[in-house]
Amino acid sequence: MKQIVILISGTGSNMAALVRAAEREDWAGRLDARIAAVISNRPGARGLQTARDAGIATAVVDHQAFDGREAFDAALMAEIDRHAPSLVLLAGFMRILTPGFVAHYAGRLINIHPSLLPAFPGLHTHQRALDEGCKLAGATVHHVTAELDHGRILEQAAVPVLPGDSADTLAARVLTQEHLIYPRAVADLLLNM
Ligand code: GAR
């Protein structure tokens, strides 16, 4: 059975959507995959409890306990590799990863980003879309490469930007779509593995 590891930093609503999808008959029956662990770089991440409530193993690798990115990424890799995952899914994981980490998981490291890439890589995507006067916003599931938010695109969803939107109202509209496209992209990847 294929193992999946999910990395989070906060609420973990995308992780929860993936967990729900993995429990559904069509995923569980067809794809021969399970979510082996949820790992956070923040001890207080709300998603950790959500994962535990779903009966999934959790771990914390606190980036603040390490002297630099290389040392943190090495510890994170060791924790991930205990599960020998076929896929490592970044779900609101707010860390820039070293080239060595990205190379180690080449082809099996996936991210969801809250913009229609290649527009708006990086942070504050919703405010930047509003500032530019965009009429559409959205989210992208993509392979992770050494260049931030630039890997090959697997799935996208677009939503309208509505008059009176704030970054928060737009983020909430985009997030509902994230919860649909991330499980779909992962299921497609698993089918083809
Ligand atoms: C999501 O909108 C995700 O796309 C974004 O953080 C949010 C996490 O929400 N990720 C990034 O900005 C990555 N650069 P969640 O914890 O509820 O899934």
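We use all heavy atoms of the structure for the numbers below, so side chains are in, but hydrogens, waters and symmetry mates are not. Whatever order the structure lists ligands and atoms in, that order sets their numbers, starting from 1. Being a predicted model, the structure only gives us computed values, none of them experimental.
- If you check which protein heavy atom lies closest to atom 14 (N) of ligand 1, you get His113 ND1, 3.8 Å.
- The shortest separation from a heavy atom of Ile8 to ligand 1 is not under 4.0 Å, leaving the residue out of contact.
- Atom 15 (P) of ligand 1 has Ser13 N, 3.4 Å as its closest protein atom, hydrogens excluded (heavy atom only).
- Between Asn14 and ligand 1, an N or O atom pair is found at a separation short of 3.5 Å.
- Nearest non-hydrogen protein atom to atom 4 (O) of ligand 1 is Glu178 OE1, 2.7 Å.
- Atom 12 (O) of ligand 1 has as its closest protein heavy atom Pro114 CD, 3.4 Å.
- Distances below 4.0 Å separate heavy atoms of Thr11 from the following atoms of ligand 1: 16 (O), 17 (O).
- With hydrogens and angles disregarded, a donor-acceptor distance shorter than 3.5 Å links the side chain of Arg69 to the backbone of Ile96.
- At most 12 heavy atoms of other shown residues, nucleotides or ligands fall within 6.0 angstrom of atom CG in Asp67.
- Residues Asn14 and Leu175 have side chains in contact (heavy-atom distance under 4.5 Å, counting atoms from C-beta outward).
- For Thr125 and His113, the side-chain atoms include no donor-acceptor pair closer than 3.5 Å.
- Looking at heavy atoms from C-beta onward, Pro85 lies out of side-chain contact with Ile4 at the 4.5 angstrom threshold.
- In this structure, the protein non-hydrogen atom closest to atom 8 (C) of ligand 1 is Gly92 CA, 3.6 Å.
- Side-chain contact between Leu89 and Ile112: absent, with no pair of heavy atoms (C-beta onward) separated by less than 4.5 Å.
- Side chains of His104 and Asp73: a donor-acceptor N/O pair is absent below 3.5 angstrom, by distance only.
- Here Leu175 has side-chain heavy atoms under 4.0 Å from ligand 1, and that is the only part of it that gets that close.
- Ligand 1 has an N or O atom lying under 3.5 Å from an N or O atom of Gly12, backbone or side chain.
- For Arg46, the CZ atom sits in a loose shell: 12 or fewer heavy atoms of surrounding residues, nucleotides or ligands are nearer than 6.0 Å.
- Remark: minimum distance from atom 13 (C) of ligand 1 to any protein heavy atom is reached at Met94 SD, 3.7 Å.
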